[in-house]
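All remarks here apply to the structure that follows.
Just follow the structure's listing: the first ligand is 1, and inside any ligand the first atom is 1.
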Amino acid sequence: PAMSRVVEVEQKFLLGERTEELLLAAGGRLLAEWRFRDVYHDVVGHDVVDHDVDGSLALALADLWLRRRDSVWQLKYPVGGAVITTSSPAEDRLVQRYVETECEAEIVERVAAVLGVGAAVGSVDELVERAHLRPFAEFGTERRRYLLPARGVEEAEAVEGVEGVEGAEVVEGVEEVEGEGVERLGSVCVDLDVSDFGYAVGELEVVCREERSVPRAVLAVQAVASQLELVSGTNLLSKLAVFLRDHRPDLYRRLVDAHVLG
Ligand code: V4E
């Protein structure tokens, strides 16, 4: 992809009956809908020693989230350093800031560093094999993406372009698939996700190419959240968290105890 490392500034919210209505009223446009499948990988110790959880979820416990989304490896990890915004600490806690990279060399380096193994492998596939990383969660998502014009954000500084979405089916009446990167400039994306295990969650998202754009992106997300009267909370679970709660309670408990699942 043209841009393989971006900072995602995201706020999750509950899907309400009127969410899409409010989105349209606020000038939102349905941009695309598509589906994808995520397979999260980590150290999962079951076939090493039966009840031994030593070393299990070493990546997640370090707040590293390695997944294969369809055929692409992606790694999410927190943006380093203090992120200063002008918003209140309570509002600020609702906004997640993660780097998402598809750069295999970077993924290999970061994952190997956390696992304490050598990074002398040529691909993520090879690292996964050598380090015995295994799938621990797998599910499909159907995503509807709306685009909202940004408020109170200077385009150039806030959001600096985004790659197109592979496999996205562009909704009828919405011109230009190729223009999507351009469409998203200076805008807030609203993703409405329905997972194949029955959990629905919304996400406001601004994608930044540079760390210095993050504070303004946070403000843009917060402005839209209040404009749309979205219900967010630090206890609102991600799809992954709900999947684990329902299908891998052992792993879920471990991550909750370690405070890595918000
Ligand atoms: C669990 C987790 C992460 C992996 C899942 O990331 P998420 O943004 O929920 O996935 P998705 O499918 O929406 O990906 P996108 O297409 O937007 O890239 S990343 C960080 N966490 C931990 C975490 C946390 N600490 N707090 C909350 C509220 N959620 C997740």
List ligand 1 atoms under 4.0 Å from [X], heavy atoms only on the residue side.
X: L236; answer: 28 (C)
X: Y98; answer: 20 (C), 21 (N), 22 (C), 25 (N)
X: R143; answer: 11 (P), 12 (O), 13 (O), 15 (P), 16 (O), 17 (O)
X: L261; answer: 1 (C)
X: E205; answer: 17 (O)
X: E203; answer: 8 (O), 13 (O), 17 (O)

[X] side-chain N/O to [Y] backbone N/O, donor-acceptor pair under 3.5 Å:
X: S232; Y: K12; value: yes
X: D63; Y: Y77; value: no
X: T141; Y: R143; value: no

Of the side chain and backbone of [X], name the one, both, or neither that has a heavy atom under 4.0 Å from an atom of ligand 1.
X: E8; answer: side chain
X: L237; answer: neither
X: V260; answer: backbone

Just going by heavy-atom distances, which of [options] is nearest to [atom]?
atom: atom 7 (P) of ligand 1; options: R69, K239, K76; answer: K76
atom: atom 14 (O) of ligand 1; options: Q11, E10, R67, R97; answer: R67
atom: atom 23 (C) of ligand 1; options: Q96, H259, K12; answer: Q96

E33 with R145: basic N within carboxylate O range, under 4.0 Å: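 Not counted as a salt bridge, because no side-chain N and carboxylate O are separated by less than 4.0 Å.
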Under 3.5 Å, is there a donor on one side chain and an acceptor on the other for R245 and Y252?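 Checked: R245/Y252 side chains show no N/O donor-acceptor pair below 3.5 Å.
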Could you tell me whether the side chains of D193 and Y199 share a donor-acceptor contact shorter than 3.5 Å?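 No donor-acceptor contact under 3.5 Å links the two side chains.
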Contact between ligand 1 and Q74 is defined here as a heavy atom of the residue under 4.0 Å from a ligand atom; is it met?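 Contact absent.
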For ligand 1, is there an atom lying under 4.0 Å from some heavy atom of T141?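 Contact absent.
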Evaluate the ring planes of F139 and F243, with Trp represented by its six-membered ring, and classify them as parallel (under 30°), tilted (30 to 60°) or perpendicular (over 60°).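 Plane angle between 30° and 60°, so tilted.
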Quick one: does NZ or CZ of R248 land under 6.0 Å from the six-membered ring centre of F136, within 45 degrees of the ring axis?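 So R248 doesn't make the cation-pi contact.
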